Amino acid sequence: MCRNKLRAADVLQITEHSLQSHESCAEEDLIQIFIQKLLMINYRARYITTKYNNEKDHTQQRDNDPYEDESDIFKALSLSSKKTSQSEPFDPMDVQMAVFHCSDGFLKQLLVTKLSQCQYALPLLVPDPFTQQIEFPLWTFRQINKSWKMRNTNYESISRNQPIYKAETPMVFFFRFGSVSSSKSELMNNLINEKHDTFFHRNCPGSSRTRELMDGVVEIAWFCPSGSYDDKFTDCVAFCNLHGDAGDHEKQLQILTEMASVNVVLLSQLDRNDKSAAIIQNMYRDRKPFICLFSEDESTVIKTKKGKFKIGLKDRNPSEVSEELRRAINDCLSESSSTFRIEDVSKHSDIRVDEEDDDDCRRGREAAQQMMSLLEKKDLTEIKESVLPHQGKLWHQWCQKNKELHRPRAEEIEMETSRKHTVMKNIRQKQHESDISKFITFFIKEMISHAENKVYFLKWLGIFLDEYTSQDISTLHQKYDATWSEVVKLKRIHDKSENRKTEQAKLERISEELQAAAFGLEHIMREIGQIYESCSSVQKNKKDLEFDFSSFPSLAAEMMISGFPLELMDGDAAHVPVVWISAVLDELIQKLGDQRVFVLSVLGLQSSGKSTMLNAMFGLQFAVSAGRCTRGAFMQLVKVSDEMKTQMKFDYILVVDTEGLNALELAGKSTRHHDNELATFVIGLANLTLINIFGENPSEMQDILQSVVQAFMRMKKVRLNPSCVFVHQNVSDITAGEKNMEGRRRLQKTLDEMIKVAAEEEDCDAECFSDVIAFDVQNDVKYFAQLWEGNPPMAPPNPKYCENIQELKETIMSHASKSHGMMLIHLKDRIKDLWDALLSEQFIFSFKNSLEIAVYRKLETEYSKWSWRLRSAMMEIENKLHNQIQNKEIYKLEETDLQRELKKTSKVEESMSEFFEKDKDEDKDILIEWKTSFEIKIQELQENIVGETKRKLNEILQQQDLLAQRTPHENTLYEKSRELALKLRTNDEETLKKEFDLFWKENISMTANKKREEYYSIFQKYCHGATSAAIFGEIICQKLKDPIEQSVYKKTARDLTDEIRSNCQSLNGNRSNLEKRILKRLAEEEDVDKYMKYINNPKDHFKSFIRDEVSRYITDKFSVSVLPKMKKNIEILQQKIMKAAHESTEHVQVNRGDVGLWLRSFTQKLSDELIFSEKDLRGLKHEDIDDFNLLEDVIRQELPAVMSNISSRFNTETFPVNLDYKFRPDELLFEHLCQCCWVQCPFCGATCTNTIENHHGDHSVSFHRVISLSRIYYSDTDYLSAHICTSAVANSNLYFYPNKSQKVLCTDYRRAGEDYAKWSITHDVSELPYWKWFVCRFLKDLEKYYTKTFDGSGEIPDEWRKYSKQDAIESLDKYI
């Protein structure tokens, strides 16, 4: 019927339709609106009316003739028989069946499950609209459970909860022959539940005569008794209804009449000549109970013989008919022992069973059955121990040890901490050595090898596991309920006898048995998670495991994408498997991309309707039955449709469902700490938390609000900003506005009072709840109607409840549209941060916001780029101005000119604006806190750079008079040698050389000998009669030699510094990256002297390291990088010089100027590039030069030789020597990288890693050292301390002495003075292999250096000696 089937994934998205409440809609939206209402278990989904484009009214109206008699009622009413509505509306059942036919197997199952929850009849046999092939949709019944209560012969209440496909119940089959005036479906409704239209009938709103898709459909519904004395039937009874004339649907009639306990036929009257007469006759003769209903008969009930009844319907009171029919059916059932099971329908031939017809469904079932066959028929607790060993005792022991590790005893020393690490590793090793059961091996293989039918496989497995455990769990619940009632009764009478203790102990035992009996998909995935964590811990695969453990997170990620929830917190161990969850989220990011999610959590007391609310709101399938209350926390993805992403700003809603608060109290255990922990975790994780309160019981509210308020207070302290909405469920009269206003006022008062108490506990200033969280008591408190419209189990969901769900959903989306959510990668970090902090029991003290740290590091990296851009730009400006000063182009500097030039050249302000404006949304909230301080830092840096540059240039300005004395002397020599040459006028080289040597000795000191050849060349040309222009051109080239060399060296140094900063791994990041490289190098070299220099004088060591790295880079890259840069700079400069000469020649020729104008133009054009001006040629006679083309040609000929000479002397040795010290790359990089914080930890001496000097906030380091490295030892002993700062600050029995007269507890270290108060040192149980390896490696050297020993209380734990150098080096990547 439908080529492209509707999928569950399509309709479970957040769409525009899902956020709107519709009672009527356009035809094209009808299907979508129907599905959305049904998913929200709103039974009014069947009653949506259709709008028409030109619709004014469905009422027919004639054009009035003014001359017609308007008083003739007969004429007026006769219109109804002549005209019909232009467009017949769709029948609601056609809409339902159209959706059914057009849905894939999973959506069909979901929709039928929702129909069942709406207490509607379900399709049992469905003819194909085109082929008439009958389909039995058995698959759609697989997730439906029904609950009912009966009374035994002793009038004791017996509860039943069963998957409906397994239930064996009597079945009453209704069918009709021919056309009848009475509605069969309406009659059945009155029989089952007169207040609800279980079966849709002709008198229901929206019913249409043109119904197309229901003919031949058999629907089924069940009456479920409540165990009360007024139940219509004492046992669960199935009712089947064949739509249409049974005579036209022989196959359906045959199947159902055979399977029924009682057959009920409706017909107008009995006629021997009718084609149905033979069938009715056979049924009457058969032993099976048979009831005939006659629509045209007025008689009351008549029992014609045993099990055979006749009832007339015409002109009779429906209630009387219903009562007679009920009594007749009960009479028939009392005589019949036959039962009906849905699964048995599939045994009939000539019908298509959906489970068999769908290959993927069939293969999934076969695989699940094969897997279930591996479970031996043992007690459930024993089975879990044998097939799920990794999540049993070992996992629970590990969790306990992990909590002990994070919560050290007051006097605990480093030795004990290390032992705990070892114990935990040993537990993981034992976990790893545990065998993987065949059951789990089969699951892994099936999931990896047969991905195409994995969803069916998982669904089937869930179905079979529920079936496998249901009987045991049902029995245990009955025991639990009975014992709980007894305990409550004893509490009520304040019984404190042994009897109460016995009952309480019994309750706890049953509770543990219930916990052990639970066995679902979540336990299988928990087992796989623990296999993964144990393999990760020992870093190797399991023996006999054919798949690599690294593929396991991918399975869980695929399940999440397919719509399955993932266990976030193990409810049995009360622990978050962080390694496993992180790996799954990493895989999720690999598969989906780093999507943005809005995290929605829900908190409430146990059985307060949290899961039901989420399931109705998003169409999810969190466990909601009494036997499967949520334990721990689960998360599930809800996709946002493409068209909604632009409004919502995120891709998914991540829904987190939690176990009920006070859940453990049922087993008599203390819950306050556990509840606070759970509330803090899910509130901290969420962007929005729904606080679910059942009813208006003040004491229950008190229980939950206490934990909630505490959690929100903690969030404020650690600068997380979640929001919340309070939901009061099961409120008796939600329309009472005044009552609701009073409820809001009372809630606000309660929250304000609690916040004051919590503020004292958490040491925080807050007077009211809104001081802690943005909270609007008018809009963020919702009142929900009761879930059921009547009394369960036959009551349908209350439509008002569904409306409340829709309103809440809109409120959630309103909150979501104002939130940036978070990226999946940040969600992963947040989970770890929250759990690590909760483990320590000092949440605020221990919480590390990884996102905040990551954003700050990113900001530091950007700051490093901005600061380098400023420095680099200022170097260019300084070089240009330096040249101009030397060239006498400028005589005065203004600071504003420097600032303006720097701003224009660096463009740092634009880069900063772009960074703060365009960064990811969730980062903006964090960045905004630092934006102003970083702008101030950049401004300060800019002012410092400008001030320093101005100072240096002003010094140069003051030195000009001294420097200017050298040039005239050189030019005088040129003139004297010229005069001598003109006197000699000879070409004899020997004479020339002899005369020049004599001249040189008389006029030149030995220090200027390097210039001798240049002067001799000029002297020769004078003697040979060269023109003034030719000689002047050569003199200019000689004069340019030093400025060119100086310029090339400086430019090459700047270019090289840029390259090193980009390409040298040790120098291409910020200060933290540099420190990591230094620590790696120290470990590789194993030189204790270098280590001690680093420990005692970190800044000096950094400088040495940078110098060595730069020197190594220059040496290694000289021929491939440094030399090419210099040659390129020479080439560029040569081009600029020739361009200046050419343009000067043109300028003189155009302006008919002299050589003075040429020289002025030439030097000015080069004044930015070279220190070369007219003064450099002062004293040289050149007035007679008039051939400027010749002058330009001479420069073009002579300049390459000058450049070549400079290049020839450029090598690894001359490069640093010829560079001005302040322009050396190592100096430039040190100034850039090390203008940061150098404050050292007062305990261990580790240097603050903040890349900004005088930064705001506390000092901190990535990881601390052993405090003995700062010469800390135990008082009155020679024992060095083996404590590490991060463990010492958690020891409430350890003191230190900041000075001789002061003794301070390590936990109160901030009170020890300013040096300590400015440091943030949080408790951390990380292993920190680096410094532990260092201490063990250089133990004797350290003892000798400090003249003390690691003995006594300072003895080194044996566990430290297990770390290798490689472990130490690799750990740096984790911690820095």
Side-chain angles (χ1 to χ4, degrees), residues 713-721 762-765 829 833-834 836-837 840 842-861 863-864 923 925-937 940 1070-1072 1075-1076 1098-1099 1234-1265 1267 1269-1270 1272 1283-1292 1294 1296 1298 1302 1304-1326 1328 1331 1375-1376:
M713 180 65 75
R714 288 170 166 182
M715 295 309 110
K716 178 179 172 65
K717 290 280 283 184
V718 298
R719 298 196 302 192
L720 297 181
N721 301 301
E762 301 289 352
D763 191 24
C764 181
D765 293 329
D829 292 338
D833 294 340
L834 286 165
D836 285 349
S840 73
Q842 294 179 307
F843 180 82
I844 293 165
F845 183 64
S846 303
F847 182 76
K848 287 181 182 177
N849 190 330
S850 290
L851 174 56
E852 195 170 270
I853 292 167
V855 172
Y856 192 81
R857 282 181 177 167
K858 183 168 70 173
L859 185 51
E860 283 184 326
T861 302
Y863 176 82
S864 177
D923 292 356
D925 297 335
I926 300 170
L927 285 171
I928 202 71
E929 299 177 29
W930 298 316
K931 183 173 185 277
T932 303
S933 64
F934 269 78
E935 285 173 342
I936 291 169
K937 290 292 177 191
E940 288 174 352
N1070 55 20
R1071 217 288 297 280
S1072 295
E1075 180 150 33
K1076 178 163 69 174
K1099 197 168 184 178
C1234 297
Q1235 291 289 327
C1236 51
C1237 186
W1238 287 99
V1239 176
Q1240 291 180 268
C1241 172
F1243 289 111
C1244 71
T1247 308
C1248 175
T1249 51
N1250 201 300
T1251 57
I1252 301 166
E1253 247 181 331
N1254 304 317
H1255 58 87
H1256 80 286
D1258 290 335
H1259 299 296
S1260 63
V1261 297
S1262 303
F1263 64 100
H1264 287 263
R1265 309 170 186 165
I1267 62 177
L1269 300 181
S1270 283
I1272 294 178
H1283 275 293
I1284 296 171
C1285 311
T1286 44
S1287 56
V1289 294
N1291 192 325
S1292 58
L1294 187 66
F1296 71 101
Q1302 193 179 10
V1304 181
L1305 260 176
C1306 284
T1307 51
D1308 298 329
Y1309 73 91
R1310 285 187 187 257
R1311 298 180 183 175
E1314 190 176 359
D1315 290 346
Y1316 295 86
K1318 290 182 178 178
W1319 273 86
S1320 171
I1321 308 171
T1322 57
H1323 178 225
D1324 187 355
V1325 297
S1326 302
L1328 307 176
W1331 290 108
Y1375 296 111
I1376 300 182

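Just so it is clear, the values below take in all heavy atoms, side chains as well, and ignore hydrogens, waters and symmetry mates. Predicted model only: the values in this text are computed from it and were never measured.
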Determine all donor-acceptor pairs shorter than 3.5 Å in which one atom belongs to a side chain in residues 1237-1247; sequence neighbours excluded.
from    : atom 1 : to      : atom 2 : distance (Å)
Trp1238 : NE1    : Cys1234 : O      : 3.0
Gln1240 : NE2    : Gly1245 : O      : 2.8

Per the salt bridge (Lys or Arg N to Asp or Glu O under 4.0 Å) rule, what does the pair list look like for [range], sequence neighbours excluded?
range              : answer
residues 1236-1261 : Asp1258-Arg1310
residues 1241-1251 : none
residues 1312-1324 : Lys848-Asp1324, Glu1314-Lys1318

query = Stepwise, does the side chain to side chain contact (heavy atoms under 4.5 Å, CB included) test hold for His1283 with Ile1272?
reply = CA-CA 9 Å; His1283 275 293; Ile1272 294 178; over 6 Å; no

Roughly how far apart are [X] [atom1] and [Y] [atom2], rounded to 0.5 Å?
X       : Y       : atom1 : atom2 : value
Asn1250 : Arg1071 : CG    : CZ    : 8.5 Å
Ser1320 : Tyr1309 : OG    : OH    : 5.0 Å
His1323 : Cys1306 : NE2   : SG    : 12.0 Å
Leu1328 : Ser1262 : CG    : OG    : 11.0 Å
Lys716  : Asn721  : NZ    : CG    : 8.5 Å

Beyond-backbone contact of Trp930 with Val855, side-chain heavy atoms, under 4.5 angstrom = yes

key: Shortest non-hydrogen contact from Val1289 toward Thr1307   = O-CG2, 3.1 Å

ask   = Any idea which heavy atoms bring Val1261 and Thr1249 closest together, and the distance?
value =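 The answer is CA-OG1, 3.9 Å.
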
message = Test of understanding: with ring pair (Phe, Tyr, Trp, His ring centres under 6.0 Å), list the residues that count as partners of His1255, not counting sequence neighbours.
response = His1259

query = Does Tyr863 have any ring pair (Phe, Tyr, Trp, His ring centres under 6.0 Å) partners at least two apart in sequence or in another chain, and if so, which?
reply =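 Only Phe934 meet the ring pair (Phe, Tyr, Trp, His ring centres under 6.0 Å) criterion with Tyr863.
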
ask   = Hey, does the side chain of Tyr1316 reach the backbone of Pro1298 with a donor-acceptor pair shorter than 3.5 angstrom?
value =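 Not confirmed, Tyr1316 side chain does not pair with Pro1298 backbone.
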
